[in-house]
Amino acid sequence: MNALAATNRNFRQAARILGLDSKIENSLLIPFREIKVECTIPKDDGTLVSYIGFRVQHDNARGPMKGGIRFHPEVDPDEVNALAQLMTWKTAVADLPYGGAKGGIGCKPKDLTTSELERLTRVFTQKIHDLIGDNTDIPAPDMGTNAQTMAWILDEYSKFHGYSPAVVTGKPVDLGGSLGREAATGRGVVYATEALLAEHGKSIEGLTFAIQGFGNVGSWAARLIHERGGKVVAVNDITGAIQNPKGIDIPALLRHKDATGRLDGFGGAETMAPDELLTIRCDVLIPCALGGVLNRENAGDVKAQYIIEAANHPTDPEADDILSKKGVIILPDIYANAGGVTNIQGFMWDEEKVNQELSRYMTRAFREIKNMSRTHNCNLRMGAFTLGVNRVARATFLRGWEA
Ligand SMILES: NC(=O)C1=CN([C@@H]2O[C@H](COP(=O)(O)OP(=O)(O)OC[C@H]3O[C@@H](n4cnc5c(N)ncnc54)[C@H](OP(=O)(O)O)[C@@H]3O)[C@@H](O)[C@H]2O)C=CC1
Ligand SMILES: O=C(O)CCC(=O)C(=O)O
């Protein structure tokens with residue numbers, strides 16, 4: 001099932017549980033605005049190349065729309081729509097005064113030089129600058145983008161609107177970025193994992209973890225799990241997969257990846273087939289890469305007892321059903337990976353304070369999701385969806401919904 005169909009299905013199920021009127025249900029589903037732009041840039045050799053950029057602004061009932069910008073070859077309108085909608089429920093689950101949006105460019109960032117990436121980011125910003133802003137829609141990093149990308153957006157946007165650092169989050173600290181943003185999504189994943197495990201009388205220490213994706217989110221999650229005494233037994237990225245049942249030395253692996261740009265060739269682990277990672281024997285599986293990776297083909301073979309959705313929509317609804325029948329507990333994306341968007345601050349807090357606040361938000365949201373799932377007798381995904389959808393629906397009514 002494609003990402004949008006899957007996200008719509010989850011939303012509609014939550015709307016039914018909440019007893020929402022079909023008119024408001026449809027209104028909440030339809031995006032506020034969809035933007036599709038052509039971005040043509042000269043490559044370093046002078047040849048012209050065109051890309052398609054998207055920004056979907058899903059809902060602003062609770063505040064300015066907010067969400068990352070993804071650079072990846074698989075970016076397409078349905079996926080961006082799904083990711084924008086997930087942002088609406090995510091900011092509501094975390095109880096942040098924001099709505100939801102997402103953007104992306106269908107490109108392979110590793111095939112572009114830094115100057116080509118800069119030109120592409122600037123052209124994209126030129127095409128959408130009138131439609132983003134700190135009171136309307138605030139981009140942030142996602143797959144394939146980072147603090148540097150945000151700095152280029154900030155700079156290009158400021159040429160049109162005057163210096164505007166608040167147009168993006170996830171920018172470098174030297175440009176007013178929040179301390180701890182780079183680690184925040186991975187850190188939030190770890191706080192969420194701790195909240196879930198505590199509920200089951202467990203802790204990270206001594207448990208085994210498999211992590212798919214070793215970029216921003218995956219590498220930070222791995223580092224923090226390792227620091228807490230968890231055993232990361234397998235990791236992969238696009239360059240390959242490695243395993244060590246005794247636990248991988250994550251700081252050494254980070255040094256290896258920094259030096260070589262690859263996971264393979266690391267002395268402290270064996271290589272394995274990348275697909276095996278999702279079904280390897282472990283206590284906790286953490287997908288930190290693409291969507292739809294858990295599907296009806298592999299869900300039956302998953303051996304983990306817990307799945308923490310650090311990636312957005314990694315679990316197809318068919319896999320959801322199979323995993324739930326097997327008793328696997330899934331911490332849903334709209335809660336588990338909310339640490340990035342929650343890392344927002346109006347003051348120049350130090351990193352300890354930023355992390356304390358993140359922990360407080362993640363713990364509170366977990367409690368509220370549990371309460372919703374108890375009230376409605378549903379799993380954690382539906383607990384999170386009903387929590388988020390209910391908050392957005394209430395804001396919509398208060399602002400003047402007329403059926
Ligand atoms: N960044 C953020 O703050 C947030 C991110 N997320 C979600 O987390 C996920 C990861 O994002 P992020 O870490 O920022 O992205 P990055 O681009 O930093 O890293 C993505 C990682 O996934 C790997 N990868 C890509 N394709 C595959 C594949 N087919 N199999 C295995 N690994 C693969 C990449 O490999 P390689 O390094 O070799 O390219 C890389 O290690 C996404 O779903 C994103 O939407 C959610 C909330 C916030
Ligand atoms: O920080 C943000 O605004 C959003 C990050 C993001 O794209 C996500 O949570 O999926």
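In listed order, ligands and their atoms are each counted from 1. One-based numbering along the sequence shown.
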Chemist: Of all the atoms in ligand 1, which lie at a distance below 4.0 Å from a heavy atom belonging to R70?
Modeler: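 So the answer, numbered in order with elements, is 42 (C), 43 (O), 44 (C), 45 (O).
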
Chemist: Tell me the protein heavy atom at minimum distance from atom 1 (O) of ligand 2, and give that distance in Å.
Modeler: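 Scanning the protein heavy atoms, the shortest distance from atom 1 (O) of ligand 2 goes to R181 NH2, 3.1 Å.
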
Chemist: Applying a 4.0 Å heavy-atom criterion (strictly less than), which segment of R70 is in contact with ligand 2: side chain, backbone, both, or neither?
Modeler: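 Contact part for R70 vs ligand 2: neither.
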
Chemist: Would you say G144 touches ligand 1, if touching means a heavy atom closer than 4.0 Å?
Modeler: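 Checking ligand 1 against G144, which is what was asked, there is a heavy-atom contact under 4.0 Å.
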
Chemist: List the closest protein heavy-atom neighbour of atom 40 (C) of ligand 1: residue, atom name, distance to the nearest 0.1 Å.
Modeler: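 Result for atom 40 (C) of ligand 1: G215 N, 3.7 Å.
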
Chemist: Ignoring hydrogens and geometry beyond distance, is a side-chain donor-acceptor pair present between N244 and E270 at under 3.5 Å?
Modeler: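 Absent: no donor and acceptor within the cut-off.
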
Chemist: Using side chain to side chain contact (heavy atoms under 4.5 Å, CB included) as the criterion, point out the one residue from E118, R122, R119 that pairs with I41.
Modeler: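 By the side chain to side chain contact (heavy atoms under 4.5 Å, CB included) criterion, I41 pairs with just one of E118, R122, R119: R119.
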
Chemist: Set out, in order, the CA-CA distance, both residues' side-chain angles and the distance that settles ring pair (Phe, Tyr, Trp, His ring centres under 6.0 Å) for H226 and F209, then state yes or no.
Modeler: CA-CA 10 Å; H226 183 82; F209 294 79; over 10 Å; no

Chemist: If you have a sec, work out which protein heavy atom is nearest atom 26 (N) of ligand 1 and how many Å separate them, to one decimal?
Modeler: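 That would be I238 CD1, 3.2 Å.
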
Chemist: What is the closest protein heavy atom to atom 37 (O) of ligand 1, and at what distance does it sit?
Modeler: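 Nearest protein contact, heavy atoms only, for atom 37 (O) of ligand 1 is K257 NZ, 3.0 Å.
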
Chemist: Could you tell me which non-hydrogen atom of M65 sits nearest to which non-hydrogen atom of A101, and how far apart they are?
Modeler: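 Where M65 meets A101 most closely, the heavy atoms are CB-CB, 3.9 Å.
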
Chemist: Any side-chain donor-acceptor pair under 3.5 Å between Q85 and K90?
Modeler: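 Absent: no donor and acceptor within the cut-off.
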
Chemist: Among all the protein's non-hydrogen atoms, which is closest to atom 6 (N) of ligand 1, and how far away is it?
Modeler: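 Its nearest protein heavy-atom neighbour is D142 OD1, 3.8 Å.
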
Chemist: Answer yes or no: does an N/O atom from G68 fall short of 3.5 Å to an N/O atom of ligand 2?
Modeler: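 Yes, since at least one N or O of G68 sits under 3.5 Å from an N or O of ligand 2.
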
Chemist: Locate the shortest heavy-atom distance separating V189 from I286; write the atom from each residue and the value.
Modeler: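 Residues V189 and I286, closest heavy atoms: CG1-CG2, 4.1 Å.
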
Chemist: Above 12 or not: heavy atoms from other molecules or residues under 6.0 Å from NZ of K108?
Modeler: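 It does not: K108 NZ has 12 such atoms or fewer within range.
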
Chemist: Can T208 and D283 be counted as having a side-chain donor-acceptor contact under 3.5 angstrom?
Modeler: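 Yes - a donor-acceptor pair under 3.5 Å links their side chains.
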
Chemist: Once you restrict to heavy atoms under 4.0 Å, what part of T185 touches ligand 2? Side chain, backbone, both or neither.
Modeler: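 No part of T185 comes within reach of ligand 2.
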
Chemist: Among R228, K202, R187, find the residue that satisfies the salt bridge (charged side-chain N to carboxylate O under 4.0 Å, His left out) test when tested with E194.
Modeler: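 Among R228, K202, R187, the one that satisfies the salt bridge (charged side-chain N to carboxylate O under 4.0 Å, His left out) with E194 is R228.
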
Chemist: With a 4.5 Å heavy-atom cut-off, do E199 and K370 have their side chains touching?
Modeler: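 Yes. Closest side-chain heavy atoms under 4.5 Å.
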
Chemist: For the residue pair N337 and N312, confirm or rule out a side-chain donor-acceptor distance under 3.5 Å.
Modeler: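 Present: a donor and an acceptor within the cut-off.
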
Chemist: Which of these, A338, A140, P139, G103, has its nearest heavy atom closest to atom 2 (C) of ligand 2?
Modeler: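 Heavy atom nearest to atom 2 (C) of ligand 2 belongs to A140.
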
Chemist: Taking NZ in K43 as the centre, count heavy atoms belonging to other residues, nucleotides or ligands within less than 6.0 Å. Is the count above 12?
Modeler: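 Yes, because the 6.0 Å sphere around NZ of K43 holds more than 12 heavy atoms from other groups.
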
Chemist: Under 4.0 Å, heavy atoms only, figure out whether ligand 2 is touched by the backbone of D142, its side chain, both or neither.
Modeler: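 Contact part for D142 vs ligand 2: side chain (C-beta onward).
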
Chemist: Tell me whether F214 has any N or O atom under 3.5 angstrom from an N or O of ligand 1.
Modeler: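 In this structure, F214 places an N or O atom under 3.5 Å from an N or O of ligand 1.
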
Chemist: Report yes or no: does M87 have a heavy atom closer than 4.0 Å to ligand 2?
Modeler: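 Flag set, M87 near ligand 2.
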
Chemist: Can you sort out which atoms of ligand 2 are near K90, meaning under 4.0 Å from one of its heavy atoms?
Modeler: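 Those of ligand 2 that fall under 4.0 Å from K90 are 8 (C), 9 (O), 10 (O).
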
Chemist: Counting non-hydrogen protein atoms only, what is the nearest one to atom 32 (N) of ligand 1? Give residue, atom name and distance.
Modeler: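 Looking at atom 32 (N) of ligand 1, the protein heavy atom closest to it is D237 CA, 3.4 Å.
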
Chemist: A cation-pi test, strictly: NZ or CZ of R364 under 6.0 Å from the centre of the six-membered ring of Y361 and no more than 45 degrees from its axis. Yes or no?
Modeler: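 Pair R364/Y361 counts as cation-pi.
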
Chemist: Side-chain contact, heavy-atom cut-off 4.5 Å: M272 with N236?
Modeler: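 Result no, sub-4.5 Å side-chain heavy-atom pair not found.
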
Chemist: Give the residue and atom name of whichever protein heavy atom lies nearest to atom 2 (C) of ligand 1, and the separation in Å to one decimal.
Modeler: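 Here the nearest protein heavy atom works out to T185 OG1, 3.4 Å.
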
Chemist: Looking only at side chains, do D321 and S324 share a donor and an acceptor under 3.5 Å apart?
Modeler: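 D321 vs S324: no donor-acceptor pair found between side chains.
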
Chemist: Under 4.0 Å from a heavy atom of K110: which atoms of ligand 1 are those, numbered in the order shown and with their elements?
Modeler: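 Once the distances to K110 are compared, the set is 36 (P), 37 (O), 38 (O), 39 (O).
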
Chemist: Counting heavy atoms only, which of E74, M143, K90, K108 is nearest atom 15 (O) of ligand 1?
Modeler: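 Answer by nearest heavy atom: M143.
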
Chemist: Is ligand 2 less than 4.0 angstrom away from at least one heavy atom of G67?
Modeler: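 Flag set, G67 near ligand 2.
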
Chemist: Can you tell me which residue and heavy atom of the protein come closest to atom 3 (O) of ligand 2, and the distance to 0.1 Å?
Modeler: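 That would be K66 NZ, 2.7 Å.
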
Chemist: Considering heavy atoms of the protein only, find what lies nearest to atom 10 (C) of ligand 1 and give residue, atom and distance to 0.1 Å.
Modeler: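 Its nearest protein heavy-atom neighbour is C288 O, 3.2 Å.
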
Chemist: Have a look at V217, L290, N337 and point out the one with the heavy atom closest to atom 12 (P) of ligand 1.
Modeler: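 It is V217 whose heavy atom sits nearest to atom 12 (P) of ligand 1.
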
Chemist: Can you find a heavy atom in the side chain of Y191 that is under 4.5 Å from one in the side chain of N355?
Modeler: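 Yes, at least one pair of side-chain atoms sits under 4.5 Å.
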
Chemist: Give yes if a backbone or side-chain nitrogen or oxygen of A289 is under 3.5 Å from a nitrogen or oxygen of ligand 1, and no if not.
Modeler: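 N/O-N/O distance under 3.5 Å: yes.
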
Chemist: Any non-hydrogen atom of P274 lying under 4.0 Å from ligand 1?
Modeler: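 Not so, P274 does not reach ligand 1.
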
Chemist: For ligand 1, is there an atom lying under 4.0 Å from some heavy atom of R181?
Modeler: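 Flag set, R181 near ligand 1.
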
Chemist: When you check the side-chain N and O atoms of D264 and T239, is any donor under 3.5 Å from an acceptor?
Modeler: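 There is no such pair (donor and acceptor under 3.5 Å, judged by atom type) between the side chains of D264 and T239.
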
Chemist: Tell me, which protein residue and heavy-atom name are nearest atom 7 (O) of ligand 2, and how many Å apart are they?
Modeler: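 Ranked first by proximity to atom 7 (O) of ligand 2 is K102 NZ, 2.7 Å.
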
Chemist: In the protein, which heavy atom is nearest to atom 31 (C) of ligand 1, and how far is it?
Modeler: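 The closest heavy atom on the protein side is N236 OD1, 3.6 Å.
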
Chemist: Heavy atom under 4.0 Å from ligand 1: found in A338's side chain, backbone, both, or neither?
Modeler: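 Within the 4.0 Å criterion, A338 makes no contact with ligand 1.
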
